[in-house]
Structures are given as structure tokens and as C-alpha cells.
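Data first, discussion second: the structure below is written as C-alpha cells.
When a ligand or atom number is given, it counts from 1 through the structure's own listing order.
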Amino acid sequence: MSLLEVSGLRAGYGIVEVLFGLDFSVDEGELVVVLGANGAGKTTTLRAISGMIPCEGSITFDGAEVRGKRPDQLLSAGIAHVPQGRGTITALNVEDNLRVGAYQRSGREVDSDMELWLEAFPRLGERRDQQAGSMSGGEQQMLAIARAFMSRPRLLLLDEPSLGLAPLVTREVFDRLRDATSETGTAVLLVEQNANLALDFAGRAYVLEAGEIVAAGPAEELQHDETIQKAYLGL
Ligand code: ATP
């Protein structure tokens with residue numbers, strides 16, 4: 001059984017339906033990407049899993065049904081969500097943002113984890129007293145990811161980390177993320193428009209179009225499948 005199993009996922013906003021029955025899974029420690037154009041429903045998929053919007057279907061995590069649980073309950077269960085726009089607390093400095101990420105934990109472990117992540121993300125280590133709001137987009141994205149790791153998640157939901165970042169900075173964010181996941185064994189469900197980069201990073205991919213999964217497979221296969229590339233990935 002996979003760590004995350006989603007079946008028949010339907011969601012939308014009021015009378016507007018956006019997702020029309022998605023089936024997908026993420027294994028323990030696996031890096032999976034959901035690709036798709038603007039408006040395909042990528043963000044909505046993550047919002048549904050993380051309990052931010054109502055949905056239908058089944059979402060099991062580690063064998064237990066979690067559909068309908070609140071974001072804080074999911075965080076306790078081991079699912080952390082880095083939303084689009086990053087969601088750092090701009091008025092707080094780097095250290096305090098990281099502490100917020102560990103708000104459900106206590107004790108000395110939090111301090112030692114914080115040192116670990118400040119080392120793993122050197123740009124954050126250099127800026128531990130800087131207010132998040134005054135940092136660059138790439139630095140804020142790294143802070144948002146490091147903050148999510150402070151809750152020691154088993155699954156990280158990551159919404160378009162490349163948004164608004166220059167290609168080199170995006171590459172750095174992905175490199176740090178890859179190191180962090182291989183160090184901790186955390187699984188990642190990433191949604192991205194930047195197919196090229198995401199397929200380099202992920203092991204497996206799903207392609208979403210107008211709220212339906214239209215292709216799926218190992219990232220390497222999708223990367224070399226010309227039909228899929230032309231039809232869906234704009235490569
Ligand atoms: P992008 O890459 O542009 O972020 P996406 O694939 O993440 O796109 P979603 O944000 O999931 O797409 O949006 C899917 C559809 O749902 C779009 O048609 C969008 O307009 C609609 N939508 C998103 N959020 C809301 C909302 N709060 N209220 C109403 N409709 C919404």
C-alpha cells in the first residue's frame with residue numbers, strides 16, 4: 001500500500017467543478033510531480049488533500065482515511081503543505097518562521113532541528129535574524145520549505161516552488177529540496193508548470209488537464225515521450 005492513495009478525487013469551488021475524479025498515489029520516500037497548464041487544477045488538488053477545501057472521493061494516508069481532516073490534524077499525522085505564494089510570515093525573522101513550523105513539537109529537538117536546516121539551507125543560515133518579508137523570492141521559498149521540514153513530515157505537498165523565480169534560483173531550490181528529502185526520507189507531492197525541471201527532479205509524474213489525469217508514468221519516460229511532450233508539456 002502506498003503512503004498516500006487518492007481515488008475518485010472530486011473538488012471545486014461552489015458550483016464550479018474543477019477536479020473530475022483523480023486517482024494517484026505517492027509511495028514512502030517517493031518524489032512525484034503533477035504537471036499541467038494554468039488552471040488545470042494542480043493547486044486545487046493540493047488544497048483538497050490538505051483539507052483546505054471540501055472534496056469527494058477517498059484520500060488515505062498511511063492506511064487511514066484522512067479526507068475531511070483539518071490542516072492542523074493532517075500536520076500532526078505527517079502531511080505538511082507549502083502553498084503557492086510560500087506563506088512565510090513576513091514580519092517574523094528566519095529563526096522564528098522555522099519555530100512556527102515546529103509549533104506542534106517541543107523541547108530541545110526543535111532547536112537542534114533548526115540548526116540542521118539552517119546548515120542544509122546555507123542562504124537561510126546566513127540570514128537567521130532577517131525578516132522573511134525582506135528576503136528574495138528564492139530565499140523565501142527555501143524558508144517555506146525548511147519551515148515545512150521542521151514539522152518532520154512524512155509527506156510534503158509543494159505548490160509550484162518555481163513561481164516567480166529565475167531559472168538558476170529555481171534550480172538551487174530544487175537541489176536543496178532533493179538533498180533534504182534524501183536525508184530525511186520524506187515523500188514529496190509537487191505540482192509544477194515547469195515540466196522540464198520537475199521531470200528532472202521527480203521519479204514519477206502525472207499530467208493533469210482540465211481536472212483529469214491524461215498521462216502518468218516514470219518521469220524519465222514522460223521526458224522522452226514526444227507525443228506527451230507536444231500535447232501537454234509544451235516542451
Ligand atoms: P496555476 O498553474 O495557474 O496555479 P492550477 O493548475 O494550479 O493553475 P487551480 O488554481 O487549481 O489551477 O485552478 C483550477 C480552476 O479553479 C481554475 O479555473 C480557477 O479559476 C478555479 N479556481 C481556483 N481557485 C478558485 C476559487 N477560490 N474560487 C473559484 N474558482 C477558483
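The shortest side-chain heavy-atom distance between L190 and P161 falls under the 4.5 Å cut-off. At a threshold of 4.5 Å between non-hydrogen side-chain atoms, the residues L92 and Q131 do not count as touching.
Every atom of ligand 1 is numbered from 1 in the order shown, and the set under 4.0 Å from a heavy atom of R47 is 24 (N).
Scanning the protein heavy atoms around atom 18 (O) of ligand 1, the nearest turns out to be G39 O, 4.3 Å. Regarding atom 22 (N) of ligand 1, its nearest protein heavy-atom neighbour is Y13 CE1, 3.3 Å.
Contact annotation: G14 has no heavy atom less than 4.0 Å from any atom of ligand 1. The closest approach between V18 and ligand 1 falls below 4.0 Å for a heavy atom of the residue. By the 4.0 Å heavy-atom criterion, G36 is excluded from the residues contacting ligand 1.
Where the criterion is an N or O separation shorter than 3.5 Å, residue side chain and backbone included, A40 meets it with respect to ligand 1.
The residue from V188, T181, L177 that alone fulfils the side chain to side chain contact (heavy atoms under 4.5 Å, CB included) condition with I145 is L177. Partner of V82 under the side chain to side chain contact (heavy atoms under 4.5 Å, CB included) criterion, chosen from T88, L46, D159, L158: L158.
Residue T44 touches ligand 1 through backbone and side chain together, judged by heavy-atom distances below 4.0 Å.
Less than 4.0 angstrom separates atom 20 (O) of ligand 1 from none of the non-hydrogen atoms of the protein.
Checking Q84, E17, K42 against atom 4 (O) of ligand 1, the nearest heavy atom belongs to Q84.
For the pair S136 (side chain) and E139 (backbone), a donor-acceptor distance under 3.5 Å is present. In terms of modelled atom types and a separation under 3.5 Å, the side chain of Y206 and the main chain of S25 share a donor-acceptor contact.
Nearest heavy atoms, A198 versus V33: CB-CG2, 3.6 Å.
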